[in-house]
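Reading through the structure tokens given below for one structure.
Bear in mind the structure is a predicted one, so any value in this text is a computation, not a measurement. When a ligand or atom number is given, it counts from 1 through the structure's own listing order.
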Amino acid sequence: MGLHLTVDEEKILAGDEGPAVARLLELLVTLGEVFGAERLVPVVSAHISGVSYKNLGEAGLEWLEEQADLGAKARIRATLNPAGMDMGRWREMGVPEEFAAGQERVIDAFRRMGVEPTCTCTPYLVGHVPEFGSQIAWAESSAVCFSNSVLGAKTNRESGPTTLASAVTGLAALYGYRLEENRRPGAIVEVAADLESTMEYSALGYYTGKALGTTVPYFRGLGSPSLESMKALGAACATSGGIALWHGEGVTPEAEAMKGYLGGLEVVAAGREELEEARAALTKPLKDPVIALGCPHSTLGEMAEIAGLASGRDFRGRLWVFTSRGVYSEAEKAGYVEAIEGAGGMVLRDTCMVVAPLREMGWEEVATNSFKAGHYMSNMGMSTRLGTIRELLSEARR
Ligand code: F3S
């Protein structure tokens, strides 16, 4: 069988639209062949990862500059994941000069290719919101989980190069979660605890990813999760496992249609004990941690909560809050940024605690409300502690 290309796609592959488009299409074709796709499909939106100079290094940067020099240009809306630093405040962050120079070149290469330098893992909070049922090409596992599950758009867990290829060609290989049959649940998760905070939804996601790997979960008993809780749940289950799509009974848009496929599925119980175990796994007693909030990037509601709890206190540089430029502007107008920074905290855009070079910046102990952040920072050799925003800010008051 193999992958069938249209006449137009064959022409692009032969170089009719230039070498950059041809090369990037070839990448998608190869990927499609590996995964047994029968054809390519048009996509309407791309979200590109692989932006931090920390992860890209010189080799990754040179590859991006080469694509830009060859004339690669996005033909659909394309946004960017976080970079390794706040593009305006990197000196205040303590980011080394050499790193900053590399990071600026990365952003410049993407700009030349017509990609919006949003530098956030929550593009859906800053106006990049694909429609239900649309085919998209998104990277960044938390954003993939949100777009598949909460928005009902269709994407696989793409990589930096494949999302750039989709942005430039407007195409993706048709396999995986792009096909209805692969969006069906493979296990039921019975939630037997009242989830009271975003951190607890994050704990549930972390437990679920560990228990199910890449299987699509169908949650029962999720209650009425807020937008913040849904972003936290997806981010965590995409971290401890490889989950790219979850359904929540009475919560997500495809859940009702999935009810017919639940018969005979394995049932996994998630109660208070499992949530506490997940929390204990990433929690150590810490002496003087930095409190890092905003993974995935903070919403305006989270900024309001942090500002309310931080206001009038003194965190003396021990509180870092990460968000997108769009949410930052709103938070600035509402006075939240001033409240947090007045308390000695820093509100940073464009970056986060995982993609910034924190070890080089001297971080050793971190407290957070995100299991995704806790997981990665622990893997980087830092000591971590998990708690709700309220707990972390209350305990750290001086
Ligand atoms: Fe976003 Fe960074 Fe967390 S990219 S999901 S804030 S690890």
Taking the basic N atoms (NZ, or NE/NH1/NH2) and the acidic carboxylate oxygens, is any pair closer than 4.0 Å for [X] and [Y]?
X      : Y      : value
Arg272 : Glu200 : yes
Arg112 : Glu65  : no
Arg75  : Glu17  : yes
Glu66  : Arg23  : yes

task: Answer whether the closest heavy-atom distance between the side chains of Met380 and Val354 falls below 4.5 Å.
output: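 Yes, close enough: below the 4.5 Å cut-off.
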message: Give me each pair satisfying salt bridge (Lys or Arg N to Asp or Glu O under 4.0 Å) with a member in residues 164-185, each pair once, sequence neighbours excluded.
response: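 Matches after skipping sequence neighbours: Lys154-Glu180, Glu158-Arg178, Arg183-Glu254.
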- prompt: Protein N/O/S atoms under 2.8 Å from atom 1 (Fe) of ligand 1: how many?
  reply: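 Every protein N, O or S atom under 2.8 Å from atom 1 (Fe) of ligand 1 counted, the figure is 1.
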